[in-house]
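Let me begin by presenting the structure, written as structure tokens, before commenting on it.
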Amino acid sequence: AELAGWIDRLAMLDADIDDPERVHQLGLLEALKGALAAAQARVTVDLEASQAAALAASGVPARRRSEGLAAQIGLARRVSPVHGARHLGLARLLTTALLHTLRALSEGRISEWRATVVARAGVTLDTDGRRELDERLAGHLDTMSDRQAEAAARALAYELDPRAYVDRAAHAASERRVTMRPAPDTMAYLTALLPAREAVAVFKALHDAAASARAAADERSSDQVKADTLVERITGQA
């Protein structure tokens with residue numbers, strides 16, 4: 001009831017204020033989003049522990065006690081079970097190994113995305129390594145941009161376990177793929193996940209083709225030329 005009341009009160013924020021106060025409100029609301037994300041993480045692990053205990057008492061094997069949990073989390077958070085599983089994984093990391101990061105999130109000093117960036121960077125580390133990563137980033141995350149936080153976390157992860165970091169990169173390359181999903185107005189998104197070197201080479205080739213076409217007074221936009229060139233070079237059709 002208290003949480004539901006917050007929703008109602010937020011809908012009635014005082015609008016008769018000056019612009020400096022509006023900016024201040026925006027900052028406080030952003031901090032509140034971080035604190036809410038931290039609360040969701042704690043509720044998530046409590047839900048997991050509660051259901052695991054109930055299933056254990058019913059004789060369900062340990063390997064099956066998390067079945068369906070990601071779907072429940074996804075339904076509650078209005079995302080797919082896949083994203084529900086990601087939220088569960090982040091919650092586990094924050095509450096077991098990334099306690100400083102969780103504190104910064106709870107205090108609204110960082111966003112859920114920045115906490116996710118730290119968690120992803122430490123995925124190759126064991127629990128002790130993640131705790132050290134978290135300790136060394138403590139007090140700095142709220143002074144960085146998302147990109148800076150990601151770079152710092154990855155650099156620390158490499159320093160703490162270079163071999164695991166390199167192995168992860170090698171494994172990532174094995175997951176290269178091309179996918180397609182629909183877009184509005186009879187369009188579609190064609191996405192390629194590639195090693196960075198090859199991705200840069202592909203994009204540069206398309207960029208160069210667009211630059212040449214524009215220099216020749218082609219009436220198409222640069223993006224249109226890149227798209228058309230991609231189709232022509234892969235399928236052979238004009």
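Keep in mind that this is a model prediction, so the values were computed, not measured.
Distance check: Lys226 NZ to Asp208 CG gives 10.0 Å after rounding to the nearest 0.5 Å. Residue Thr116 holds its OG1 atom at 4.5 Å from CG of Leu90, rounded to the nearest 0.5 Å. Separation of atoms CG (Leu156) and CD (Glu135) is listed at 11.5 Å; rounding is to 0.5 Å. Atom-to-atom distance recorded for Leu160:CG and Arg136:CZ is 5.5 Å, nearest 0.5 angstrom. How far CG of Leu99 is from CG of Leu94: 8.5 Å, rounded to the nearest 0.5 Å. With rounding to the nearest 0.5 angstrom, the CD atom of Gln224 is 9.0 Å from the CZ atom of Arg214.
In this structure, Leu133 is a member of the same hydrophobic cluster as Leu141, with clusters built from ILVMFWY side-chain heavy atoms closer than 4.5 Å. Under the 4.5 Å side-chain contact rule for hydrophobic residues, Leu125 and Leu93 share a cluster. Note: the hydrophobic cluster containing Leu10 also contains Leu36 (ILVMFWY, side chain heavy atoms under 4.5 Å, direct or indirect links). Ile17 and Val23 are not part of a single hydrophobic cluster, where members link through side-chain heavy atoms under 4.5 Å apart. No path of Ile, Leu, Val, Met, Phe, Trp and Tyr side chains, each step under 4.5 Å between heavy atoms, connects Leu75 with Leu47, placing them in separate hydrophobic clusters.
Checked for salt-bridge contact, Asp46 and Arg42 miss the test: no charged N lies under 4.0 Å from a carboxylate O. Between Glu150 and Arg147 there is no salt bridge, since no side-chain N of the basic residue sits under 4.0 Å from a carboxylate O of the acidic one. Between Arg22 and Asp19, at least one side-chain N (NZ, or NE/NH1/NH2) sits under 4.0 Å from a carboxylate O, which counts as a salt bridge.
Residues Val166 and Tyr158 are in side-chain contact: their nearest non-hydrogen atoms beyond the backbone lie under 4.5 Å apart. By the 4.5 Å heavy-atom criterion applied to side chains, Glu21 and Asp14 are not counted as neighbours. Side-chain atoms of Ile110 and Val118, non-hydrogen and from C-beta on, never get closer than 4.5 Å to each other. Here the side chains of Leu137 and Thr101 are not in contact, with every heavy-atom distance at 4.5 Å or above. Side-chain atoms of Arg92 and Glu48, non-hydrogen and from C-beta on, do get closer than 4.5 Å to each other. Side-chain atoms of Thr96 and Arg130, non-hydrogen and from C-beta on, never get closer than 4.5 Å to each other. A heavy-atom distance below 4.5 Å is found between the side chains of Leu206 and Leu230. Side-chain contact check for Lys33 versus Ser111: every heavy-atom pair is 4.5 Å or farther apart.
Closest of all the heavy-atom pairs between Ala153 and Ala121 is CB-CB, 3.4 Å. Residues Gly84 and Ile73 come closest through the heavy atom pair O-CG2, 3.9 Å. Here the closest heavy-atom approach between residue Val225 and residue Ala210 is recorded as CG1-CA, 3.5 Å. Here the shortest heavy-atom pairing between Glu2 and Arg9 reads O-NH2, 4.3 Å. Closest approach of Arg65 to Pro61, counting heavy atoms only: CG-O, 3.3 Å. In terms of heavy-atom proximity, Pro162 sits nearest to Glu159 at CD-O, 4.0 Å.
At least one donor-acceptor pair closer than 3.5 Å links the side chain of Arg176 to the backbone N or O of Ala173. The closest donor-acceptor contact from the side chain of Arg114 to the backbone of Met144 lies under 3.5 Å. Distance alone, capped at 3.5 Å, is enough to place a donor-acceptor pair between the Ser145 side chain and the Gln148 backbone. Using a distance-only test at 3.5 Å, with no hydrogens or angles considered, a donor-acceptor pair links the side chain of Asp218 to the main chain of Arg220.
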_Between Val79 and Arg86, is the side chain to side chain contact (heavy atoms under 4.5 Å, CB included) condition met? List the steps._
CA-CA 10 Å; Val79 295; Arg86 292 175 186 170; over 6 Å; no

*Verify side chain to side chain donor-acceptor pair (under 3.5 Å) between His140 and Thr143, making sure each step is shown before the conclusion.*
CA-CA 5 Å; His140 302 293; Thr143 65; 5.0 Å; no

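Checked by atom type, the side-chain pair Gln40/Glu112 shows no donor-acceptor distance below 3.5 Å. No donor-acceptor contact under 3.5 angstrom links the side chains of Arg168 and His171, judged on distance only.
Enclosure of atom CZ in Arg109 by more than 12 non-hydrogen atoms of other residues, nucleotides or ligands within 6.0 angstrom is indicated.
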